[in-house]
Every structure is written in structure tokens, then in C-alpha cells.
Protein chains: 2
Amino acid sequence: MTRNAEKELRAKDIRPSYQRKRILEYLWETKSHPTADDIYQKLHPEIPTLSRTTVYNTLRLFEKHNIIQSVVIESNEMRFDGDVSTHGHFKCLDCQKVLDIPVKDKFKFDLKDSIVMETHIYFRGICPACRKERI
Amino acid sequence: MTRNAEKELRAKDIRPSYQRKRILEYLWETKSHPTADDIYQKLHPEIPTLSRTTVYNTLRLFEKHNIIQSVVIESNEMRFDGDVSTHGHFKCLDCQKVLDIPVKDKFKFDLKDSIVMETHIYFRGICPACRKERI
DNA sequence: CCTTTTTTTGTATTCATTACAATTTTGTAT
DNA sequence: ATACAAAATTGTAATGAATACAAAAAAAGG
């Protein structure tokens, strides 16, 4: 099942401009949790007129509409994830990569007097690949 | 049990200067998860010569020695917590406060091939107080 | 004291993100 | 098609938290 960016944007009443479609498609096809600048660097060759501001605007728009989610692990970098389902992240302190972690539904917190709108879980450590390299 | 900042710093081979002691004591006595600037604003009247750089340096030093932990929820604000035990946080999107959330030991993640050094859990939503106000 | 090391401080810099205004593109009605 | 209005994109300027750096001050150890 290949998702249709144009359709899904229209469904949220967002005009499917070329830039928006490509940004969304890129977030769907990568699992690297890119930063806004990563996305700009990746798409700039293909869309020469693309501006960083458009990338930032678009990401903010998408997040507001729950089409993507932002992943904040370091205070100086905002990463983006095309998968909005609740899942955890693992940041490797060696290679700096951010990996997805399946998180079961064991999350029943006693926050009965609060309204929980978002749940974020992440770990920091050494990923399997880097661990192997260390022998 | 009142903890002794001077002692605990010495135990970690950190010279207990007045600035360092007061920063640590302040983090112990507050549960507000202040930013570096919050800490500066709070201690500045009492220590007129205090500089923001000292606050930043000290916080980084403390975190490296696992005396405090940083709490990153928004990408543009780093907060600090004098409680280094594993616990969750809840950020209220109304009043912006960050509250502690006790987190049981139900966290057994299948990360067997990784080395997990830090676990972070936080929620975003509306806190009990703000929820009541909304009636 | 005097010298060396450590800590603190103020200023300058960095860098991701946002603000803003101008330009371009798109949608709609004539 | 053409003109007009609305929306999206763009480039530049501004913001602001965090860091770099070097000088001044304080502390340690003879």
C-alpha cells in the first residue's frame, strides 16, 4: 500500500502544492527522523527554488494537523517523523541516529485528573550496530 | 533529611563554590523544573555578581556528573531537575508548568542489543488545575 | 606572600527557528 | 482567456537559547 500524499493532504483541507507533497512523501519514505535542514538539503537539488522557510512552514502546518509529529530529544534539534502512531525512539550517542522503538500498550498512567494529549518516550544509549563495532 | 550540597559536591570531586552550592540547593528545593535563565533570575538578587555563563557552565558540569538531569520537552527550552531518579514529566499546554509523574517499573523494553543509558518519558496536555479552571 | 590552578565573569558568536514583507502561484468569477 | 483576490512560497532580517573565548577574580598549595 503506497499512500497518496495529494489525497491525504486534500482530506485535511491542505492544498497539495508540489513542495508540500514532496516533503510529506520524503517523510513517509525515510525512517531517519530528519531535521528541517536535512529535508531542505535532500529536496533542494530536486526543487531548486525551495526555501528553508517553506520547509519550516510546511512542517509546522503538518504537525498542527497531525500529519507528522516532531521528535525532540536534544534541545537544539527538532526532528520530524511521518509516522504519527505512538511509538518510542532511541537515539544512539555514537552514530547520532534515531531509531524507532515499538512500544506496547502497557502505558496506563494514573493521570486521571489530567488530559493527556501526547505521550513521548525515548531512550539514549548505544545502538546495536555501534555496540558491535566496539567489539 | 536535608541534603548537604557541599558534601555531595565534594563527594563528586567538584569544588563547592558558593555559586555551585546555591544552584544545586535551588534545584533541590524547587519542583518547577526551571530553565537556566529562571535559575539566573532567581539567584541573581542574592548573588549580584552571578553571570548567566556560570549558571550554564554549572548546569552542564552537574549534568555530566549525574547530579542533576536536563528535561527537554520543547526544542527551544532546556529545563533542569535536581531529582535524577527515573520519573516522567507532564507539561501543561495551558499554564506551561512541568509536573513530575511517578512512573512504575513497567518499563521492560526489548532493547536487548542496545545499551540503554537514559530513559525519558513525558506527556503533554492539560494539568488538573487548568482543567478545573475550564469548568 | 607568591605562583599556579581553578572558577567566574562579560562579551562575542553560533545556529536553529521564527517574523515579516515582497513575490509568485493558484483559484474563482467575470 | 483575463482580471482579481486569496494563498503559498521565497529571501532576508530578527530572535533567543546556548556556547566559545579570553580576561579577571578567587582559591589552593607551597
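Below, chain A is the first sequence line, B the second, and so on; all start at residue 1. Remember, predicted model here, so these are calculated numbers, not experimental data.
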K.L.:
Just to confirm, is there a sub-4.0 Å distance from OP1 or OP2 of dA16(C) to any side-chain nitrogen or oxygen of Arg60(A)?
P.N.:
no
K.L.:
Using 0.5 Å steps for rounding, measure from the CD1 atom of Ile68(B) to the CG atom of Asp81(B).
P.N.:
8.5 Å
K.L.:
Could you check which nucleotide pairs with dT30(C) in any of the strands shown, counting Watson-Crick or G-U wobble with both distances under 3.5 Å?
P.N.:
dA1(D)
K.L.:
May I have the distance from Leu50(B) (atom CG) to dT7(C) (atom C1'), rounded to whole angstrom?
P.N.:
13 Å
K.L.:
Assign Asp37(B) to base, sugar-phosphate, or nothing according to its heavy-atom contacts below 4.0 angstrom with the strands shown.
P.N.:
nothing
K.L.:
Just the rounded figure in Å: distance from P of dT12(D) to OH of Tyr56(A).
P.N.:
16 Å
K.L.:
Between Lys91(A) and Glu77(A), is the closest basic N to carboxylate O distance under 4.0 Å?
P.N.:
yes
K.L.:
Is Ser17(B) near enough to dT6(C) that one of its side-chain N or O atoms lies under 4.0 angstrom from OP1 or OP2?
P.N.:
no
K.L.:
To the nearest Å, give me how far apart CD (Glu77(A)) and P (dT19(D)) are.
P.N.:
13 Å
K.L.:
In terms of the nearest nucleotide of DNA chain C, which residue is placed more toward the 5' end: Ala36(A) or Gln19(B)?
P.N.:
Gln19(B)
K.L.:
How many whole angstroms separate atom CZ of Arg20(A) from atom C1' of dT10(D)?
P.N.:
14 Å
K.L.:
Is the shortest distance from a Lys or Arg side-chain nitrogen in Glu6(B) or Arg20(B) to a carboxylate oxygen in the other one below 4.0 Å?
P.N.:
no
K.L.:
Pair His33(A), Asp38(A) - check side-chain hydrogen bond (donor to acceptor under 3.5 Å, both in side chains), show working.
P.N.:
CA-CA 9 Å; His33(A) 308 85; Asp38(A) 290 337; over 6 Å; no
K.L.:
What does the B/S/- profile of nucleotides 23-30 of chain D look like, 5' to 3', with a 4.0 Å heavy-atom cutoff to protein?
P.N.:
--------
K.L.:
Between dA16(C) atom C1' and Arg79(A) atom CZ, what is the distance in whole Å?
P.N.:
14 Å
K.L.:
Which part of the nucleic acid, if any, lies within reach of Thr35(A) when heavy atoms closer than 4.0 Å are counted: base, sugar-phosphate only, or nothing?
P.N.:
nothing
K.L.:
Looking only at N and O atoms, is any donor in the side chain of Thr53(A) or the base of dT12(D) less than 3.5 Å from an acceptor on the other one?
P.N.:
yes
K.L.:
Rounding to a whole Å, what distance do you find between Tyr40(A):OH and dG11(D):C1'?
P.N.:
10 Å
K.L.:
First locate atom CZ of Phe123(B), then atom CD1 of Ile101(B), and finally report the distance between them rounded to the nearest 0.5 Å.
P.N.:
6.5 Å
K.L.:
So, does Thr49(B) get its side chain near the phosphate of dT9(C), meaning an N or O under 4.0 Å from OP1 or OP2?
P.N.:
yes
K.L.:
Using whole Å, what does the distance between atom P of nucleotide dA6(D) and atom CD1 of Ile14(A) come to?
P.N.:
21 Å
K.L.:
Partner lookup for dT3(C), please. Criteria are Watson-Crick or G-U wobble with both distances under 3.5 angstrom; report none if nothing qualifies.
P.N.:
dA28(D)
K.L.:
I would like to know whether Ser85(B) and Asp83(B) meet side-chain hydrogen bond (donor to acceptor under 3.5 Å, both in side chains); could you show each step before the answer?
P.N.:
CA-CA 6 Å; Ser85(B) 73; Asp83(B) 175 2; 2.8 Å; yes
K.L.:
Any Lys/Arg nitrogen of Glu63(A) or Arg60(A) sitting under 4.0 Å from an Asp/Glu carboxylate oxygen of the other?
P.N.:
no
K.L.:
Rounded to whole Å, please give me the gap between CD1 in Ile39(A) and P in dA16(C).
P.N.:
14 Å
